[in-house]
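Here is the structure we will look at.
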Amino acid sequence: KYNANKYILDLEAARNEIAQKLAGVQNRKFLAFDPAWTYFARDFDLIQVPVDEGKDIKQIAEIALANDIKVIIVSPTRSPEEADLVAQRIGAKVMMVDPIAGDYIRNMQRMSRAFLM
């Protein structure tokens, strides 16, 4: 069981670890089928390209190509079908990450792995 001080230290250690891992990533853009990653993007100098509601697969793929997207993030609350179709069209990879998962630290580490695959 965590106490507040231990958890803060664990958060700082995780943040530093993620920042180090992402430091060498060249393409810092990602397509997000859920706008929940704004703070993650800001904190780790990434660029979230949101998917606007009402866009079809072709339009989303065009946006992704124009932004040289290689990473697509989708949350479990959405069907991954659209993300998979876009990824196939543009040669990107899809990672399903739950923005409200119970273990915050592990979730942020999982999110960062999408850029390292």
Side-chain angles (χ1 to χ4, degrees):
K1 188 161 180 148
Y2 281 115
N3 67 35
N5 291 332
K6 167 104 172 78
Y7 192 69
I8 290 169
L9 291 173
D10 289 349
L11 281 171
E12 290 174 0
R15 186 185 192 304
N16 291 336
E17 176 189 334
I18 291 168
Q20 281 182 328
K21 286 181 178 178
L22 295 178
V25 171
Q26 298 298 312
N27 187 337
R28 304 192 74 77
K29 293 181 181 181
F30 66 99
L31 193 68
F33 276 79
D34 185 318
W37 299 105
T38 303
Y39 294 114
F40 184 88
R42 180 202 64 200
D43 290 349
F44 296 105
D45 196 27
L46 301 168
I47 300 165
Q48 176 180 251
V49 178
V51 173
D52 297 326
E53 292 293 321
K55 298 272 187 211
D56 64 27
I57 298 298
K58 183 179 180 203
Q59 292 170 317
I60 296 168
E62 288 171 357
I63 291 167
L65 282 171
N67 284 281
D68 192 30
I69 298 294
K70 301 297 180 209
V71 175
I72 300 174
I73 304 297
V74 65
S75 74
T77 60
R78 246 186 117 132
S79 168
E81 189 174 290
E82 283 181 304
D84 290 338
L85 288 170
V86 172
Q88 289 171 9
R89 286 184 179 212
I90 67 168
K93 58 188 169 236
V94 175
M95 176 158 268
M96 186 171 290
V97 186
D98 186 352
I100 57 170
D103 188 333
Y104 180 78
I105 291 173
R106 289 184 76 193
N107 202 42
M108 295 302 100
Q109 291 167 332
R110 178 169 167 69
M111 176 66 174
S112 70
R113 284 195 295 275
F115 294 87
L116 306 171
M117 296 171 46

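Just so you know, these numbers come straight off a predicted model, no measurement behind them.
Counting heavy atoms from C-beta outward, Arg28 and Asp45 have side chains that approach closer than 4.5 Å. Using a 4.5 Å heavy-atom threshold, the side chains of Phe40 and Ser112 count as touching. Under the 4.5 Å side-chain criterion, counting only non-hydrogen atoms from C-beta, Ile72 is not in contact with Met95. Counting heavy atoms from C-beta outward, Ile18 and Met108 have side chains that approach closer than 4.5 Å. In this structure, the side chains of Phe115 and Leu46 come closer than 4.5 Å at one or more pairs of heavy atoms.
Remark: the Asn27 side chain and the Lys70 side chain contain no N/O donor-acceptor pair separated by less than 3.5 Å.
Met96 and Tyr104 are members of different hydrophobic clusters when ILVMFWY side chains are connected at heavy-atom separations under 4.5 Å. Hydrophobic clustering (ILVMFWY, side-chain heavy atoms < 4.5 Å, transitive): Val49 and Val51 are in one cluster. Connection of Phe44 to Leu116 is established within a shared hydrophobic cluster, with ILVMFWY side chains joined at heavy-atom distances below 4.5 Å, either directly or through further cluster members. A single hydrophobic cluster is not seen to contain both Val71 and Phe33; linkage of ILVMFWY side chains at heavy-atom distances under 4.5 Å, directly or through other members, places them apart.
The backbone N or O of Trp37 lies less than 3.5 Å from a partner atom in the side chain of Gln48, making a donor-acceptor pair. Under the 3.5 Å distance criterion, the side-chain polar atoms of Asn67 are left unmatched by any main-chain donor or acceptor of Ile69. Under a 3.5 Å cut-off, the side chain of Gln88 and the backbone N or O of Leu85 do not form any donor-acceptor pair. Between the side chain of Asn107 and the backbone N or O of Asp103, no donor-acceptor pair lies under 3.5 Å.
Applying the 6.0 Å contact sphere to CG of Leu9 captures more than 12 heavy atoms from other residues, nucleotides or ligands. Within 6.0 Å of CZ on Arg106 lie no more than 12 heavy atoms contributed by other residues, nucleotides or ligands.
The distance from the CZ atom of Arg42 to the CD1 atom of Ile47 is 15.0 Å, given to the nearest 0.5 Å. How far CD1 of Ile57 is from CD of Glu82: 4.5 Å, rounded to the nearest 0.5 Å. To the nearest 0.5 Å, atom CD1 of residue Ile105 and atom CD of residue Glu12 are 10.5 Å apart.
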- Message: Using side chain to side chain contact (heavy atoms under 4.5 Å, CB included), reason through Arg15 and Asp43 one step at a time and then give a plain yes or no.
- Response: CA-CA 9 Å; Arg15 186 185 192 304; Asp43 290 349; 4.0 Å; yes
- Kindly determine whether Met111 and Ile73 satisfy side chain to side chain contact (heavy atoms under 4.5 Å, CB included), including the steps that lead there. CA-CA 8 Å; Met111 176 66 174; Ile73 304 297; 3.7 Å; yes
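A side-chain contact (heavy atoms from CB on, under 4.5 Å) with Ile90 is found for exactly one of Leu65, Ile63, Leu31, namely Leu65. Remark: of the listed residues Val94, Asp98, Asp84, Val94 is the sole one forming a side-chain contact (heavy atoms from CB on, under 4.5 Å) with Val74.
Contact detail for Lys58 and Arg89: the closest heavy-atom pair is CA-NH1, 3.8 Å.
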